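Encoded as structure tokens, the structure appears first; notes follow it.
Owing to the predicted nature of the structure, the values given are computational and were not obtained by experimental measurement. Start at 1 with the first residue, then count along the sequence. Order of listing sets the numbers, starting from 1, for every ligand and every atom in it.
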Amino acid sequence: MGKKDKPSSVKKGKAASGKGEDLWTGVKGWKQVEVDDALLLGADEYGFCGLEELDATALGDMLLPRAGGAEQQPDPQAKQEADPPVKTAKGKKRKGPEQPAVAADTAGNAEAAGPAAPDSVAALKEQLASLQAENKQLKKKQKREERQEKRGAAAAKRKEERAATRGVEAAAAADKRAAAAAAAAAVDVSAWRVLELDSAIEQAIAALGFAAPTHVQAECLPAAIRDRRDIIGAAQTGSGKTLAFGLPIMQLLLRERQQQQGQAGGQRAPSRLRALVMAPTRELALQVCQHLQAVGKPVGIWAVPIVGGISPLKQERLLAKHPEVVVATPGRLWDLMREGHRHVTDLSHLSFLVIDEADRMVQQGHYGELSNILGAIPVHQRLATHDAPVPEAVPEEQGEEEAGQPAELAAADAAPASDDDEAEEQEATEEEGDSEKEQEEQKEQEEEQAKQQGWQAQQAQQLHRLQTFVFSATLTLPANLRKRLRKGGGGASGSSDLDGLMDQIPFRREQSMTSLYLMFCATSCRAVLRCAMLCAVLCRGKPKIVDLTSKRRLADKVTEAYIACGEAERDESLYCLLAKHPGRTIVFVNAISSVRRLAAILKLLGLPAQALHAGMQQRQRLRALDRFKAEPNAVLVATDVAARGLDVKDIRCVVHYQLPASVDVYVHRSGRTARAEAEGISVALVTPKENARFLALLRAMNRDEPPEFPLDMSLMPAVHRRVRLAVRLDELERRQSKEKAEKSWKQQHAEMLEIELSDDDDDETAAEVRAELAALLAEPLQPRFSAKWFTGGAAAAVMAAMDPSAGAAGGKKKKSRQTAQRDGGAQPEAADPKTAQTVHHAVALAQERSDSRSKAAQHAASKQRGHPQQQAAQPQQPTAAGAAGGAEKGGKKKQQQQQQRQDPRAAALQAAFSKALAARQRKKSGGRSMLVIPQALGRDAVGPDALQTLRRKLVGL
Ligand SMILES: Nc1ncnc2c1ncn2[C@@H]1O[C@H](COP(=O)(O)OP(=O)(O)OP(=O)(O)O)[C@@H](O)[C@H]1O
């Protein structure tokens with residue numbers, strides 16, 4: 001009998017219970033025993049679970065039937081009574097020594113039973129299988145339940161965490177709101193009162209902390225809000241032009257909504273597109289939208305951006321809110337209009353059109369789309385109609401200003417038709433007492449009213465008066481165009497893009513005459529009044545030109561400076577400026593490739609640099625901007641995509657790494673700093689080649705040459721060393737990544753590349769360069785090589801290594817370092833003349849080179865300043881920086897490598913250190929010991945990877 005067939009339950013004393021109970025009834029040789037479920041579930045691998053006790057006597061009887069057959073067989077019931085089943089309780093051991101014997105007998109008997117058992121055994125096995133299956137199910141269920149429990153617990157935990165986070169966020173938001181409210185309460189906004197803004201808008205302004213309107217706002221807002229005039233505005237960068245057009249939009253839409261709600265008993269009509277703001281770049285559009293939201297959100301007016309780079313899904317979601325205000329770049333907006341997106345194609349309710357940075361919008365890349373969008377505005381939108389909120393009480397001086405509005409018209413305007421008038425008319429009619437006349441009058445009046453209502457309904461449906469705002473910091477309108485606009489005429493089509501734009505922009509001008517004509521035809525009774533009003537509108541129909549730009553063109557608080565440098569020294573000059581003058585800075589370059597290169601180099605040099613250019617994905621662009629805003633010393637390397645409109649707080653400095661192509665771009669770039677009340681500096685790097693162009697730029701801005709930026713030239717040697725390594729490392733990394741990206745190309749040229757790599761690099765790898773650079777960056781930027789500095793740490797360490805007692809006594813050690821510093825390293829020389837001599841020699845060499853380079857750089861700089869043309873014509877000074885730059889410019893790698901080899905300063909110094917230390921250590925400890933390295937290398941051991949580099953060098957000795 002195999003082990004599998006052995007009824008293990010016998011051993012365990014299990015008994016059938018539950019389902020098993022039926023099974024045993026009538027099965028001969030087995031008797032029922034009770035067993036608990038736990039035992040039943042814990043069936044062992046042999047498969048028996050719940051098999052029960054064998055009644056050997058009965059089995060014997062069955063196997064060896066006596067004479068008399070069935071009669072002689074004991075009654076199972078009687079047998080059971082005589083020999084009650086052994087009850088197996090959980091944890092109790094079966095009593096009776098005969099159990100094993102019974103088991104043995106059972107085994108033997110089952111085997112011997114031969115053909116008599118199969119049915120029972122098969123049934124048992126079947127039963128067993130079903131039990132096993134049930135067990136499995138139960139186990140699975142149990143596991144499932146456990147899993148669910150776990151999941152439930154985890155979900156509950158997550159929920160709790162989320163709730164906690166939400167709570168924290170809500171608390172933070174509440175705090176923020178409270179702080180904003182407190183700040184708002186602290187701001188005295190009484191200066192805004194003259195503009196008669198809605199109190200909710202005033203509160204929003206107070207929350208922004210703006211105590212008074214800026215100059216441009218003060219000029220534009222009354223004309224735009226009270227008189228609903230079109231505005232052409234030019235004011236210096238950072239002067240608050242966004243709110244100069246944003247506040248009228250919010251104010252008038254809010255007022256209109258309040259009126260609608262009053263009429264419709266609080267019901268709000270579904271929103272239509274009421275204001276369209278267009279800006280040339282995505283970042284600017286997003287920023288303008290944010291500014292508008294800051295005022296619009298608290299009063300419930302939606303403003304959403306439509307710019308390239310936003311996913312179609314998100315765009316759809318934004319437009320599904322039916323925003324009243326849309327801020328868009330022309331390209332994306334025109335795409336949506338072409339696709340037929342309803343909210344942006346239906347411009348029939350448009351009341352405001354804003355073209356920000358108008359002079360940029362007429363340039364290549366935007367003009368075509370802008371023209372198409374303007375062309376899509378329904379013709380009737382361009383009519384100057386009077387159905388829009390009628391101007392309230394226009395002060396006389398306001399009416400007379402520019403437009404020369406007659407006082408009586410202003411008075412007529414100030415007294416629009418009202419129900420009171422009608423009542424007065426009615427009274428007069430009654431006084432006449434003629435009933436027929438009265439009826440006629442009444443009839444006439446009714447007709448008049450009907451006409452009036454129909455006309456107004458038509459107006460309300462179709463003719464929303466479109467108000468247009470055109471803004472820029474560099475909107476220089478030619479004198480003739482300015483004159484034409486003032487007279488209410490358009491631009492001279494075709495003479496320039498700006499003229500063309502002005503021609504296309506639906507300023508209200510001669511169309512007003514059409515309105516006037518319509519008015520005369522449409523009404524009779526109130527024609528005079530209406531005529532007066534319309535004349536007022538007509539007079540105001542001309543755009544108001546607000547030009548607050550100064551001759552200087554730059555914002556008042558921008559200080560200009562320049563740095564004269566050679567073409568190859570741009571990087572060094574920039575790094576020197578950034579390293580020594582930290583603060584949020586934008587560096588403008590003229591090409592995307594330059595952005596990539598420069599941002600990478602600055603990052604390698606340990607500066608928190610970000611890149612921004614039009615070739616980046618929108619998400620990356622926004623992330624770069626966010627990082628730039630978050631880090632107070634961040635550097636943004638950007639193309640002119642960031643030149644216009646970008647409003648980031650506390651930009652201390654703008655650097656023109658390369659001169660811009662035009663004065664306007666220079667003005668906008670420089671305008672990223674010194675915004676609102678802040679101050680800032682704009683520094684141009686000017687090479688001898690660019691000098692003439694720089695002077696021309698200055699002349700165009702009516703300015704003399706600005707002062708030279710006081711760059712510390714003595715830093716140049718150290719700067720040069722770092723920049724050289726960073727440039728080298730950048731090249732290596734670029735090459736490596738290029739090689740990775742172009743695998744097939746690499747396979748074909750692998751051998752050639754490897755050879756080239758080893759030749760070029762002189763066994764130098766990117767890792768080594770990186771480590772070397774890291775070691776340098778770990779040091780402070782030193783103005784010159786100091787023998788004290790270099791010998792101090794190393795010599796003291798050498799001394800400590802030679803004389804352990806010096807290291808043990810802290811005071812003594814300190815004293816020796818102090819002495820070493822005072823004596824310029826004399827102390828260690830005394831301790832170990834040979835080592836000190838080597839170090840001294842290396843330092844002297846480095847010092848000499850540093851001084852000569854510094855002198856050469858100063859000389860070159862002064863020469864460039866004095867005689868730029870001559871300097872440009874002359875060959876470069878044989879300075880290390882100049883030579884390295886020349887190599888870079890000409891792309892002559894060999895020359896560069898040669899130059900690098902000619903600069904043994906770092907190598908000599910490191911080698912001297914390493915050799916001296918290694919020799920000393922070998923002598924002292926009989927082998928190489930790394931223990932002294934950190935002390936011996938002083939500051940070299942501070943930076944990341946510094947220790948590794950130097951250890952490698954020491955091991956290599
Ligand atoms: N009344 C005000 N008082 C104080 N600060 C204001 C006021 N209005 C706007 N500002 C702030 O001035 C900064 C510049 O505003 P804005 O971006 O509108 O200038 P801009 O004239 O459009 O500049 P750019 O010509 O560069 O686009 C913003 O940070 C804005 O929040």
Side-chain angles (χ1 to χ4, degrees), residues 180 183-184 187-195 197 201-221 231-251 277-281 283-296 303 327 354-361 469-476 546-550 553-558 584 586 588 625 629 638 640-651 654 664-680 682:
V187 177
D188 173 17
V189 286
S190 54
W192 291 89
R193 298 266 149 79
V194 284
L195 299 170
L197 294 169
I201 290 184
E202 271 184 10
Q203 274 174 19
I205 291 172
L208 291 172
F210 302 160
T214 60
H215 191 181
V216 67
Q217 288 162 1
E219 284 292 320
C220 296
L221 292 177
I231 308 275
I232 299 175
Q236 63 186 32
T237 51
S239 57
K241 292 186 286 293
T242 311
L243 286 189
F245 62 74
L247 286 178
I249 294 175
M250 294 303 166
Q251 167 68 20
V277 182
M278 279 183 287
T281 63
E283 284 76 16
L284 182 54
L286 291 169
Q287 180 189 296
V288 167
C289 192
Q290 273 170 6
H291 284 200
L292 296 188
Q293 278 167 351
V295 181
V327 187
V354 181
I355 301 174
D356 198 11
E357 307 293 348
D359 53 329
R360 175 72 185 93
M361 295 288 260
F469 303 123
V470 176
F471 277 89
S472 179
T474 47
L475 194 63
T476 39
V546 176
D547 186 357
L548 303 179
T549 50
S550 62
R553 301 193 67 186
L554 282 188
D556 294 339
K557 291 186 177 168
V558 175
R584 195 171 284 133
I586 303 193
F588 283 106
L625 261 182
K629 287 175 188 172
D640 288 331
V641 77
R644 279 183 185 256
L646 213 66
D647 183 54
V648 179
K649 293 256 173 301
D650 295 329
I651 294 182
V654 166
D664 286 353
V665 180
Y666 180 82
V667 170
H668 283 284
R669 279 180 174 186
S670 304
R672 294 320 97 211
T673 186
R675 298 181 70 73
E677 299 300 310
E679 293 182 343
S682 166

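When heavy-atom distances to ligand 1 are checked against a 4.0 Å cut-off, Asp647 comes that close only through its side chain, counted from C-beta outward. Contacts between Trp192 and ligand 1, counted as non-hydrogen atom pairs separated by less than 4.0 Å, involve the side chain only. With a 4.0 Å heavy-atom cut-off, ligand 1 is reached by the side chain of Glu357 but not by its N, CA, C or O. With a 4.0 Å heavy-atom cut-off, ligand 1 is reached by the backbone of Ala212 but not by any atom from C-beta on. For Gln217, every heavy-atom contact with ligand 1 shorter than 4.0 Å involves the side chain, none the backbone.
Here the rule is side chain to side chain contact (heavy atoms under 4.5 Å, CB included) with Asp650, and of Lys629, Arg675, Arg584 only Arg584 fits it.
Within the 4.0 Å heavy-atom shell around ligand 1 one finds Gly238.
Of all atoms in ligand 1, listed by their number and element, those nearer than 4.0 Å to a heavy atom of Lys241 are 18 (O), 19 (O), 20 (P), 21 (O), 22 (O), 23 (O), 24 (P), 25 (O). Less than 4.0 angstrom separates some heavy atom of Lys649 from each of these atoms of ligand 1: 29 (O). When each atom of ligand 1 is checked for a heavy atom of Ser239 under 4.0 Å away, the hits are 19 (O), 20 (P), 21 (O).
The heavy atom nearest to atom 26 (O) of ligand 1, considering only Gln236, Arg675, His668, is found in Arg675. For atom 27 (O) of ligand 1, the candidate residues are Ala678, Gly645, Ala218; the nearest heavy-atom contact is made by Gly645.
Checked by distance only, ligand 1 and Arg672 come closer than 3.5 Å through their nitrogen or oxygen atoms. The shortest N/O to N/O separation between Gly240 and ligand 1 falls below 3.5 Å. For ligand 1, the polar-atom distance check against Thr242 finds a nitrogen or oxygen pair separated by under 3.5 Å.
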